[in-house]
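One structure is given here, and the rest of the page talks about it.
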Amino acid sequence: MQVQIYRNYDQMSVAAARLIAAQLRIKPDSVLGLATGSTPEGCYRELIRMHREEGLDFSRVSTKNLDEYVGLDPSNENSYRYFMNDKLFNHVNIRKEATQVPDGASADPEKAAEAYEKLCASMPADLQLLGIGGNGHIGFNEPDTIFHASTFVTALKPGTIEANKRFFHSADEVPRHAITMGMRQILQAKKILILISGPAKAEAAKGLLAGVVDPQVPASILQLHPDVVVMLDEAAARDLPAFQQHESADRFGNCYFFAE
Ligand code: GLP
């Protein structure tokens with residue numbers, strides 16, 4: 001894994017957007033795997049700016065999102081479909097019909113998960129963007145005794161409900177289930193970019209880079225992928241041994257690079 005540590009969230013976000021923009025310039029019909037949550041918002045803002053000011057073109061891009069809450073209609077402000085429209089798709093020249101999010105409003109979520117797995121299998125990602133939960137979850141792959149391969153319906157952990165309640169009026173309103181891509185689709189991406197920001201993610205960052213692949217830290221499976229870029233801000237990186245011993249990190253401009 002290539003680890004890049006930035007001074008702060010904004011610098012990390014701009015670097016992430018530049019990497020995605022480079023992907024789109026090299027391959028304008030790229031398939032992007034996309035993520036929700038607060039972490040990628042800065043990256044999406046920068047992509048919008050690049051579209052407006054630098055002509056970054058999304059007209060041939062397709063996307064597939066990691067996950068969606070069960071029971072939320074796309075018109076619900078807390079649905080991930082709404083988030084993606086609001087934070088990115090409505091502001092760039094992407095074809096909405098080329099953007100995929102699991103159908104959380106389906107009367108049969110299991111069937112919707114199956115359908116999403118099939119759809120995703122037909123469009124492998126060139127680049128998969130990920131955030132991470134405080135407990136190491138990616139998408140909504142929560143800590144478990146096994147890694148789930150296919151898209152599935154998952155029950156959210158109490159800690160995840162607690163962390164995500166900030167977007168809702170109360171914890172009671174947070175859906176208890178979600179449809180999430182499993183590890184197969186995530187790992188089939190040609191390249192993976194994971195963003196980690198803030199002190200609340202320091203533990204998860206350590207788990208991701210600790211060297212042990214453990215379903216209790218779902219993101220740790222990324223160690224099996226040949227092309228992962230991990231971008232962190234300093235607050236999230238503070239517990240990484242390699243960062244604490246600066247001699248093992250190469251300083252380059254505002255960023256430390258090292259390989260794990
Ligand atoms: C949610 C999403 C994840 C995201 C995580 C962290 O649970 N399903 O994809 O990575 O939250 O979110 P945040 O970036 O807001 O901390």
Side-chain angles (χ1 to χ4, degrees), residues 6 8-10 12-13 16-17 32-46 63-72 76-84 86-88 100-104 109 113 116 120 125 127-144 147-148 151-168 171 173-183 185-187 189 192-205 207-208 217-222 228-233 235-237:
Y6 294 85
N8 56 44
Y9 174 78
D10 288 345
M12 179 196 76
S13 299
L32 297 180
L34 295 178
T36 50
S38 320
T39 309
E41 280 192 46
C43 168
Y44 293 155
R45 273 197 296 274
E46 177 64 10
T63 67
K64 52 176 188 178
N65 261 74
L66 285 165
D67 48 13
E68 179 60 284
Y69 287 116
V70 166
L72 297 195
N76 185 309
E77 286 185 13
N78 282 309
S79 74
Y80 285 166
R81 162 52 78 181
Y82 189 99
F83 175 101
M84 288 310 303
D86 188 44
K87 305 291 181 196
L88 182 64
Q100 315 295 335
V101 180
D103 180 7
Y116 200 66
C120 289
L127 175 63
Q128 174 69 55
L129 177 64
L130 296 174
I132 191 169
N135 61 8
H137 73 232
I138 49 177
F140 269 129
N141 288 267
E142 294 276 40
D144 204 337
F147 290 111
H148 294 262
T151 305
F152 68 110
V153 178
T154 185
L156 304 188
K157 296 276 184 199
T160 300
I161 292 168
E162 194 57 27
N164 290 2
K165 75 174 186 196
R166 66 191 194 278
F167 299 108
F168 296 80
E173 278 185 22
V174 184
R176 271 27 187 181
H177 294 89
I179 298 173
T180 184
M181 223 183 247
M183 296 303 186
Q185 296 307 332
I186 294 174
L187 292 177
I192 295 176
L193 168 60
I194 180 162
L195 304 182
I196 314 182
S197 169
K201 302 291 173 65
E203 187 69 31
L208 161 66
V217 185
S220 64
I221 201 170
L222 299 178
V228 180
V229 178
V230 185
M231 291 187 181
L232 308 99
D233 59 17

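Whatever order the structure lists ligands and atoms in, that order sets their numbers, starting from 1. Quick caveat: nothing in here was measured; it's all calculated off a predicted structure.
Closest heavy-atom approach to atom 13 (P) of ligand 1 within the set Ser38, Ala35, Gly139: this belongs to Ser38. Among Ala204, Ser197, Gly37, the residue whose heavy atom sits closest to atom 12 (O) of ligand 1 is Gly37.
Note that NZ of Lys157 is 6.0 Å distant from CG of Asp144, once rounded to the nearest 0.5 Å. Here Glu162 contributes atom CD and Leu156 contributes atom CG; the two are 12.5 Å apart, rounded to the nearest 0.5 Å.
Taking atom 6 (C) of ligand 1 as the reference point, the nearest protein heavy-atom neighbour is Ile132 O, 3.4 Å. Lys201 NZ, 2.6 Å is the protein heavy atom nearest to atom 16 (O) of ligand 1. What sits closest to atom 1 (C) of ligand 1 on the protein, heavy atoms only, is Tyr80 OH, 3.5 Å. Closest to atom 14 (O) of ligand 1 among all protein heavy atoms lies Thr39 OG1, 2.5 Å. Annotation: atom 8 (N) of ligand 1 to nearest protein heavy atom, Asp67 OD2, 2.8 Å. Here the protein heavy atom with the shortest distance to atom 11 (O) of ligand 1 is His137 NE2, 3.8 Å. Of the protein's heavy atoms, Thr36 O, 3.9 Å lies nearest to atom 4 (C) of ligand 1.
Less than 4.0 angstrom separates some heavy atom of Asn164 from each of these atoms of ligand 1: 1 (C), 7 (O).
Within the 4.5 Å cutoff, side-chain heavy atoms of Leu222 are placed close to those of Ile186. Using a 4.5 Å cut-off on side-chain heavy atoms (C-beta onward), Pro218 and Met183 make contact.
In summary, the side chains of Thr154 and Glu142 do not present any donor paired with an acceptor at a separation below 3.5 Å, with no hydrogens or angles considered.
The environment of Glu41 atom CD is dense: over 12 non-hydrogen atoms of other residues, nucleotides or ligands sit within 6.0 angstrom.
Remark: distances from the non-hydrogen atoms of Arg166 to ligand 1 include one below 4.0 Å.
Ring geometry for Phe168 against Tyr69 counts as perpendicular: the plane angle is over 60°, on a 0 to 90° scale with 30° as the lower cut.
At under 3.5 Å, not a single nitrogen or oxygen of Thr160, backbone or side chain, sits near a nitrogen or oxygen of ligand 1.
Residues Ser38 and Phe167 approach most closely at OG-CZ, 3.6 Å, considering heavy atoms.
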